[in-house]
Amino acid sequence: MLQVAQVLKDKETILHGLKKRNFKEPEKAIDILLELDEKRKSLQQKHDNALAETNQLSKQIGQLMAQGKKEEAEAIKVKTAEYKNEGKILGEELKAVEDELRELLYTIPNVPNTKVPAGNTDQDNVVESTHGEIPRLHAGAKPHWELIEQYDIIDFELGNKITGAGFPVYKGKGAKLQRALINFFLDEAEKAGYGEVQPPIMINQASGYGTGQLPDKEGQMYHATEDDYYLIPTAEVPITNIYRDVILQLDELPKKHVGYTPCFRREAGSWGAHVRGLNRLHQFDKVEIVQIQHPDKSYAALDEMSTYIQSLLKKLELPYRVLLLCGGDLGFTSAITYDMEVFSAAQQKWLEVSSVSNFETFQANRLKLRFKDENKKTQLLHTLNGSALALPRIVAAILENNQTPEGIKVPKVLVPYCRFEWIN
RNA sequence: GGAGAGGUGGCCGAGUGGUCGAAGGCGCUCGCUUGGAAAGCGAGUGUGCCCCACAAGGGUACCGGGGGUUCGAAUCCCUUCCUCUCCGCCA
C-alpha cells in the first residue's frame, strides 16, 4: 500500500511509475487520493476539537461533583450535549472518508523501480542473462507427462479420484525425488544464512491483507469459509506475516527465513492446453526465502537472493535464464521482480521456477512492519522474497533434460538425498 | 464440544465509573560514581493520527477486537477472538 506522505512528496515519480505498469488513469486516482486526504485531515481536526471540548467539560463535571456542587454539574451536562452530537457526526464523516481512502489505496499497485522496463505483457520482459547448455536429447525423447507414466512416479488420474484436477499423487521415486529436492533446498538455504521456519499453511484475513493477497487476489485462494481461513498460495504470506505489527531494532536486521510449504492456487480461468502435466497445479510444493531488510540495503539483498537462487539451478545442472519483468507483467505488490526460467528440453520451452521480488515498503506499510533508525525514528522496512525453488517445474525439467534411453539420471547433488542414481 | 477463569505498556503486575497512557517492580537508555565493572543514586523510556518545521509544545485515539450505556469507562453491558484449568474427543 502506498503511503500518502510518499505521494505528496513524489507525485510525479509515482505517476510515472504507475503509467509504466499500465495502471489506468493514475492522475485521476492520485488526485482523488490527495483530495480525500485533505478532507480527512480537516475532519480529524474538527473532530479532535469537539472531543477536546467534551473531555474538558467532563473533567469540570467530575470536579464539581467531588465538591458536591450538583446543580452546576447538571448545568454543564446540558452543554456537553451539543459538542457530543457534533463529535458524533464528525466522527462518522471521518470514518467514511478514511474508509474511502483505504479502499482507494487498496486498488493502487506498487510503484515500479526505475530499472523496470516499460511493457504490457510477458513478451516485453527483458532477458538479463542465460546460463548453462541446452541438452540435446536422444531420438524419441518425451515430455514429462509421458515420462511420469512410463516410470510410474506421478499419477494425475489418482489425484483426480482423490481430489480433482491439479492435485497429483507422487509415488515411489517420484515422491522421493520431491522430498530430496525439498531437503536439498532447505539445507542450502540454511547454509546461506536463512533461518528455517515451518509456518501454518492456512492464514487469516489480516495476514492476507498484510502481504497484499487480499483484497486483490481473493479469487485465487481457496477459502475455508466456516472459519474464514485461506489456504496459502505461497509461504511468503505466513512467513512475512511473522513480522506484522512489529518494530525491529537496527541490530536485529536483516531477518532472513526459509520455509517449505505446500502452496494452493485456484488458478481460476487460467487453464488451457498449454499447461499440461506439472506445468500448472492447484497444489504444489515450494521452498521460499524471505528477507526483512533496511531500506538502504534491500537492493543489495535482492541481488544476493537472485545469486543464491541461481546457485541452486547451477548445482542442479539445469539451463536457465533470468528475466527482468516489465511494468505490465509485474505483480500488484512488487516494485521489481526477476523471474528465473528453466529450459525444458522436451517441451522446448522456458518454465518459470522462481520469482524474486523487492516490495520495498508496499507490504511493510500494510503490515506495520517498522524499525527504529539511528535517530530513534520509526520507519518502514523493506520486504523481499523469492522461490528457492518451486518444485513441479524443476521436477519436470529434471525428468525431461536428464532422460536417456536407459532412464532418467538424477542430478549429482541430489543423489545423497535420493539414495538412487536412476529413475528407470 | 461442555463447564469455569482470564486477556492491562518490552516483561511481571496494580487498578472495578472521574483529573489513568495508566501505581509498583523488572528490563532498557543516558548521566553521576569507578582504574574498569557491579552495586548505588538521578533522569528518561509505547504507538497511530492531527496542529506544527517529520523540532519544542499541544490535541486526539488506543488497557485483545467490535459495538453499547454514561457528562465521563481499563473499570458497567453486549458480542467476537484468543489463552489457561477441568471434562469429553482425538493424530
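Just so we're on the same page: letters track the sequence lines, and every chain starts at 1.
We find that CD of A:Glu98 is positioned 8 Å from C1' of B:C49, with the value rounded to whole Å. When rounded to the nearest whole Å, the span between CE of A:Met65 and P of B:G17 equals 14 Å. At whole-Å resolution of the value, CG in A:Leu248 and C1' in B:C28 are 17 Å apart. Atom CG in A:Leu57 sits about 15 Å away from atom C1' in B:U70, given to the nearest Å. Rounded to whole angstrom, the span from the CD atom of A:Gln67 across to the P atom of B:U19 amounts to 15 Å. Spacing between atom NZ of A:Lys88 and atom C1' of B:C71 amounts to 15 Å, rounded to whole angstrom units. If you measure from atom CG of A:Asp245 to atom P of B:G65, you get 11 Å, rounded to the nearest angstrom. Rounded to a whole Å, the NZ atom of A:Lys79 is 16 Å from the C1' atom of B:G72.
Base pairing of B:A53: no nucleotide in any strand meets the Watson-Crick or G-U wobble criterion (both distances under 3.5 Å). A 3.5 Å limit on both hydrogen-bonding distances identifies B:U83 as the Watson-Crick or G-U partner of B:A5. Pairing for B:G35 is absent, with no Watson-Crick or G-U wobble pair whose two atom distances lie under 3.5 Å. B:A74 is unpaired under the Watson-Crick or G-U wobble criterion, no partner having all donor-acceptor distances under 3.5 Å. B:A43 is paired with B:U29 under the Watson-Crick or G-U wobble criterion, all donor-acceptor distances under 3.5 Å. If you check B:U19 for Watson-Crick or wobble pairing at under 3.5 angstrom, you find it has no partner at all. Partner assigned to B:U69 is none, using Watson-Crick or G-U wobble distances below 3.5 angstrom. Under the Watson-Crick or G-U wobble criterion, with both distances below 3.5 Å, B:A91 is left unpaired in every strand shown.
Around atom CD of A:Gln56, no more than 12 heavy atoms belonging to other residues, nucleotides or ligands sit under 6.0 Å away. Counting non-hydrogen atoms of other residues, nucleotides and ligands closer than 6.0 Å to NZ of A:Lys171 gives a total above 12.
B:G65 and B:C52 are spaced 33 Å apart, taking the C1' atom of each and rounding to whole Å. A gap of 16 Å separates the C1' atoms of B:U16 and B:G7, to the nearest Å. Taking atom P in both B:U47 and B:C41, one finds a spacing of 28 Å when rounded to whole Å. B:U75 sits 14 Å from B:G6 when the P atoms are compared, rounded to a whole Å.
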- Message: Counting primed atoms plus P, OP1 and OP2 as sugar-phosphate and everything else as base, spell out the protein contacts along nucleotides 55-63 of chain B at 4.0 Å heavy-atom distance: B, S or - for each nucleotide, 5' to 3'.
- Response: ----BSS--
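Of the listed nucleotides (B:C71, B:U19, B:C51), B:U19 has the atom at the smallest distance from the side chain of A:Lys59. The A:Ile61 side chain lies nearest to B:G18 when the options are B:G72, B:U19, B:G18.
In summary, A:Glu27 and A:Lys19 engage in a salt bridge, as defined by a charged side-chain N under 4.0 Å from a carboxylate O. Using a 4.0 Å cut-off between charged side-chain N and carboxylate O, A:Glu74 and A:Lys77 make a salt bridge. Salt bridge A:Glu188/A:Lys315: present, at least one basic N to carboxylate O contact under 4.0 Å.
Residue pairs that meet the salt bridge (Lys or Arg N to Asp or Glu O under 4.0 Å) test with at least one member in residues 31-48 of chain A, sequence neighbours left out, are A:Lys11-A:Asp31, A:Asp37-A:Arg40, A:Asp37-A:Lys41.
In this structure, the side chains of A:Phe185 and A:Glu190 stay at 4.5 Å or more apart for every pair of heavy atoms. With a 4.5 Å cut-off on side-chain heavy atoms, A:Phe156 and A:Leu158 do not count as touching.
The stretch residues 360-380 of chain A comes close to RNA chain B through A:Arg370, A:Lys372, A:Lys377, A:Thr378, each having a heavy atom under 4.0 Å from the strand.
A cation-pi arrangement, defined by a distance under 6.0 Å to the six-membered ring centre and an angle within 45 degrees of its axis, is absent between A:Lys286 and A:Tyr260.
Among the atoms of the strands shown, base atoms are found under 4.0 Å from some heavy atom of A:Gln63. If you check every strand for non-hydrogen atoms under 4.0 Å, A:Ser58 touches a base.
In this structure, A:His282 has its ring center no closer than 6.0 Å to that of A:Phe264.
For the OP1/OP2 pair of B:C49 and a distance below 4.0 Å, the side-chain nitrogens and oxygens of A:Arg40 include no atom meeting the criterion.
Nearest-nucleotide mapping onto RNA chain B: of A:Ala81 and A:Tyr229, the residue sitting toward the 5' end is A:Ala81.
Under the side-chain hydrogen bond (donor to acceptor under 3.5 Å, both in side chains) rule, A:Ser357 has a single partner from A:Thr337, A:Thr383, A:Thr333, which is A:Thr337.
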